[in-house]
Amino acid sequence: MAKARPAAKGPLHHASHHLLSTAGVAACAVLILGSFAFTAFIATPGLLSTQLAAVVTSRLVSLTNSDRSGNGLGTLTVNPELTAAAQAKANDMAAKGYFAHISPDGRTSWSWFKDAGYSFTYAGENLAVDFTDSDDVNTAWLNSPTHRANIMNGHFTEIGIATAEGEFEGHKTIFVVQMFGTPAASTAPSKVVTVTSPENASEPAIAKAEPVTAVPGAETSADVLGSSVGPAASAKPASAAAQPTEQAPQAAQQASDGHQSAATPAKASFISSLLASPHILLEGLYFALALILLVALAVRTRLEFKLHHRRHVFAVLFLMVMMGGLSVAANQLIFVPPVIGQGASQ
């Protein structure tokens with residue numbers, strides 16, 4: 001009587017055999033370590049401030065518009081003047097090492113709008129520092145009721161986002177500025193009529209303005225747009241809160257002086273979105289590899305964990321523990337929660 005032939009092993013079985021071999025396990029370990037090193041590299045301030053600056057800002061714009069669309073609000077258009085204003089503010093914080101809506105020399109958030117030549121009806125500003133991941137910053141803003149209010153503000157129609165590298169509290173970091181605006185219907189100077197410019201950056205800044213008619217001998221547009229009302233603003237000297245400055249050309253020069261230029265970000269592609277979110281990238285890579293390893297183990301053992309399958313089980317457990325340990329290390333040492341400060345709007 002002829003013996004029955006063993007069932008033919010398919011390509012999936014052969015693939016799982018190679019993956020769980022000594023060479024396959026070693027290759028997976030190298031991939032795990034390489035993924036950790038790569039995501040740590042692209043999360044460093046030096047790289048974010050150069051090659052990835054445009055990628056980060058475009059990703060943040062995409063996330064903001066996605067959040068608004070999900071809540072039935074219109075998407076925001078990137079305005080070059082708002083981007084220049086955001087870049088100039090980010091550069092100023094990076095150069096002077098502060099994190100606040102009001103600068104050490106008394107400049108309010110709204111003076112940067114004026115410098116860029118942006119006349120608004122409504123305006124807002126969100127800040128963040130210690131940036132490492134676009135999605136983490138956006139999540140932090142959304143988890144803050146005041147920052148979320150700026151992002152979900154139905155008055156706003158335009159946006160500008162910028163980053164800058166500098167030092168804050170003794171360490172190198174990335175500052176992020178998110179500015180919102182509703183352009184004034186006319187080009188007439190705007191007068192701030194209501195404002196919140198908290199000195200504590202953990203709250204957003206908001207402002208509302210209305211066009212005014214210039215009167216001979218009255219205050220200039222630089223004076224009215226740079227002025228503010230409210231406890232935080234009134235505590236500043238008038239000369240500090242409203243400094244005469246140049247218009248858009250000067251703002252553009254500030255934005256490119258020693259820092260990134262205020263180029264309008266393009267729409268974030270899938271690859272750029274991953275590069276701008278190294279935390280999400282690392283978790284995604286580890287999740288995909290863990291799923292592949294579990295499938296390979298199930299195929300290789302046919303869910304019959306016999307004695308000769310012990311080394312395969314130990315190999316998968318070793319790789320899982322390695323990924324889990326590096327994920328914890330990344331969360332503790334690299335992808336620290338960003339400081340978002342307070343939002344501001346008018």
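Taking every heavy atom of both residues into account, C28 and L319 meet most closely at CB-CD1, 3.7 Å. Residues T157 and P183 share a closest heavy-atom pair of OG1-CD, 3.4 Å. Listed here is the closest heavy atom pair of I32 and L289: CG1-CD2, 3.5 Å. Nearest heavy-atom pair across L297 and T301 is O-OG1, 2.7 Å. Taking all atoms of both residues into account, the shortest heavy-atom contact from P278 to D133 is N-OD2, 3.1 Å.
Ring pair F113/F120: centre-to-centre distance below 6.0 Å.
Side-chain contact between F175 and T163: absent, with no pair of heavy atoms (C-beta onward) separated by less than 4.5 Å. At least one side-chain heavy atom of L293 sits under 4.5 Å from a side-chain heavy atom of L19. N153 has its side chain out of reach of F180: every pair of non-hydrogen atoms, C-beta onward, lies at least 4.5 Å apart. No side-chain heavy atom of N150 sits less than 4.5 Å from a side-chain heavy atom of W141. Proximity of M179 to N79: side-chain heavy atoms (C-beta onward) are nowhere separated by under 4.5 Å. Considering only heavy atoms from C-beta on, L73 comes within 4.5 Å of M152 through its side chain.
For the atom pair OH of Y286 and CG of L326, the computed distance is 4.5 Å after rounding to the nearest 0.5 Å. Rounding to the nearest 0.5 Å places CD of E158 at 7.5 Å from OG1 of T182.
Each of T57, L63, T64, N65 was checked for a side chain to side chain contact (heavy atoms under 4.5 Å, CB included) with V61, and the lone residue meeting it is N65.
In this model, a donor atom of one side chain and an acceptor atom of the other lie less than 3.5 Å apart for S109 and E125. Looking only at atom types and distance, the side chain of H279 has a donor-acceptor partner in the side chain of E283 under 3.5 Å away.
Residues D105 and K96 are paired through a salt bridge, judged by an N-O separation under 4.0 Å between the basic side chain and the carboxylate.
By the 6.0 Å and 45° rule, R107 stacks over the aromatic ring of W112.
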